[in-house]
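Here is the structure we will look at.
None of the values given here were measured: they were computed from a predicted structure.
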Amino acid sequence: MKATYTVHSVEETWGVAAKLAPTLLPGSVIALTGDLGAGKTTFMQGLGFALGVRRPVTSPTFTLSVEYPTPRFKLVHMDLYRLSGPDDLLAIGFPEYLESGAVVAVEWPERAHGLIPADAIRVHFTLTPDSNTRMITVTNSPVKVF
């Protein structure tokens, strides 16, 4: 399944995330791709809120990962921008997160060098000439709800 959305605000980005939230199952992996400033962390804020996270969802750029409890499962938000290679990802317990039943959302998944599962939900953010507009493309969603 593939759906593309044009968003013009933080709230619209959160709305796209809220549509994805009920489709997630324990063990889902979300690969978030796009340029710096394209909206990946903003999307995660909306996803966290839609899943019941009631504390701020922030970028884990310097901590690499942040865990958030939700009523259904643990949400793990990872930012791999500063990784030097796949060994770093293994060292922080990526396989264990995958096996734990957590939903793992990964910014900069290309830095994982093939460790992201092939069936991951892919969310790609594209900047447009209008600085207030983004394109969000979601593929591999487990059910059609968009």
Side-chain donor-acceptor pairs of residues 89-97 under 3.5 Å, sequence neighbours excluded:
| residue | atom | partner | partner atom | Å |
| --- | --- | --- | --- | --- |
| Tyr97 | OH | Glu67 | OE2 | 2.8 |

Of all residues at least two apart in sequence or in a different chain, which pass the ring pair (Phe, Tyr, Trp, His ring centres under 6.0 Å) check with Tyr68? none
By ring pair (Phe, Tyr, Trp, His ring centres under 6.0 Å), which residues pair with Trp108, not counting sequence neighbours? Tyr81
Pro117 meets the side chain to side chain contact (heavy atoms under 4.5 Å, CB included) criterion, sequence neighbours left out, with Val29, Leu98, Asp119
Test question: given the 4.5 Å side-chain rule for I, L, V, M, F, W and Y, name all other residues clustered with Trp14, or answer none. Val10
Can you sort out the partners of Thr137 under side-chain hydrogen bond (donor to acceptor under 3.5 Å, both in side chains), two or more places apart, ordered by chain and number? Thr4
If Ile, Leu, Val, Met, Phe, Trp and Tyr residues are connected whenever their side-chain heavy atoms lie under 4.5 Å apart, and connections chain through other members, are Leu24 and Val66 in the same group? yes
Listed partners of Thr33 passing side-chain hydrogen bond (donor to acceptor under 3.5 Å, both in side chains), at least two apart: His124
What are the two closest heavy atoms between Leu127 and Ala38, and how far apart are they? CD2-CA, 3.7 Å
Mind checking side chain to side chain contact (heavy atoms under 4.5 Å, CB included) for Ala21 and listing every partner two or more places apart, or none if nothing turns up? Leu47, Ala50, Leu51
Is there any side chain to side chain donor-acceptor pair (under 3.5 Å) pair reaching into residues 36-53, and which pairs are they, with sequence neighbours excluded? Thr41-Glu107
Kindly give the cluster partners of Met135, where membership spreads through any ILVMFWY side chain lying under 4.5 Å from a current member. none
Residues forming a side-chain hydrogen bond (donor to acceptor under 3.5 Å, both in side chains) with Thr133, sequence neighbours excluded: His8, Asp130
